[in-house]
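Heads up: the structure comes next, in structure tokens.
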Amino acid sequence: MDKQFEYEILVGQIDALTEGEKNPVSVMANVAAAIHHERGFWWTGFYLADGDELVLGPFQGPVACMHIPFGRGVCGTAWQRAETIVVPDVEQFPGHIACSSESRSEIVIPLKDAQGKVRAVLDIDSLDLNAFDDLDRRYLEEIAALVAQRIYD
């Protein structure tokens, strides 16, 4: 199967899996597991906005940073800018927070409520450089918007 087709199937699975669900932990846990296992990423999870920091939420993969300040690292910067950030090489990202030295590339997608406020971020790391392209961005943004709609609207 090609990557686009795999993502289309994944979006459909996540849509069906989360339909009618409102509990943020349950939805995020199953979505992280679905993305992680279907796409084979190294780390897949959510950080939730709490005051002036992001706090670790449901995830799949090795242990992770539990607190990320607003505007710091890839996750904090995506939160601050309220936009997706794709980092081909995390070593080249100013202020990167190395939760693990094994992560080589990363994509972070904000989850916004109906008023446009960033309430969480979807963070995905890869062991490979340049692991994320426009197709990943497109479908992961679609998944993040679906999750946000389920739990924040």
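In this text the structure is predicted, and so the values were computed from the model without any measurement.
- In summary, the side chains of S26 and E21 do not present any donor paired with an acceptor at a separation below 3.5 Å, with no hydrogens or angles considered.
- Side-chain contact check for Y7 and E38: no donor-acceptor pair (N or O, by modelled atom type) lies under 3.5 Å.
- In this structure, I107 and F41 have side chains that are not in contact, with every pair of non-hydrogen atoms separated by 4.5 Å or more.
- The side-chain heavy atoms of I68 and W79, taken from C-beta on, include no pair separated by under 4.5 Å.
- In this structure, D134 places its CG atom where only 12 or fewer heavy-atom neighbours from other residues, nucleotides or ligands lie under 6.0 Å away.
- By the rule that hydrophobic residues join a cluster once side-chain heavy atoms approach within less than 4.5 Å of another member, V74 and I109 end up as members of separate clusters.
- For the pair I151 and T18, the minimum side-chain heavy-atom distance is 4.5 Å or more.
- Within the model, atoms OG1 of T44 and CD of Q60 stand 7.5 Å from one another, a figure rounded to the nearest 0.5 Å.
- Residue D153 holds its CG atom at 8.0 Å from CD of Q115, rounded to the nearest 0.5 Å.
- A 4.5 Å side-chain heavy-atom check between N130 and S105 finds every atom pair outside the cut-off.
- Using a 4.5 Å cut-off on side-chain heavy atoms (C-beta onward), H67 and V55 make contact.
- Open room surrounds NZ on K117; 12 or fewer heavy atoms of other groups in view lie less than 6.0 Å from it.
- Here the shortest heavy-atom pairing between P62 and W42 reads CG-CZ2, 3.4 Å.
- Contact of the K3 side chain with the D133 side chain is registered, since non-hydrogen atoms from C-beta on lie closer than 4.5 Å.
- V90 and F132 fall into different hydrophobic clusters, where Ile, Leu, Val, Met, Phe, Trp and Tyr side chains are chained together by heavy-atom contacts under 4.5 Å.
- Residues M28 and L48 meet the side-chain proximity criterion, which asks for heavy atoms closer than 4.5 Å.
- With respect to R150, the side chain to side chain contact (heavy atoms under 4.5 Å, CB included) criterion is satisfied by exactly one of D15, V31, N23, L17: D15.
- Residue I124 is not grouped with residue V121 when hydrophobic side chains (ILVMFWY) are merged at heavy-atom distances under 4.5 angstrom, including chains of intermediate members.
- Of the charged side-chain nitrogens involved, at least one lies within less than 4.0 Å of a carboxylate oxygen, so that E141 and R137 count as a salt-bridged pair.
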Between F46 and D123, does the side-chain contact (heavy atoms from CB on, under 4.5 Å) criterion hold? Intermediate values first, please. CA-CA 6 Å; F46 293 90; D123 179 23; over 6 Å; no

CA sep, side-chain torsions, deciding dist, call: Q4, Y139, side-chain contact (heavy atoms from CB on, under 4.5 Å): CA-CA 8 Å; Q4 181 171 347; Y139 281 100; 3.4 Å; yes

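- Put simply, the side chain of L127 does not reach to within 4.5 Å of the side chain of S103, judged on heavy atoms.
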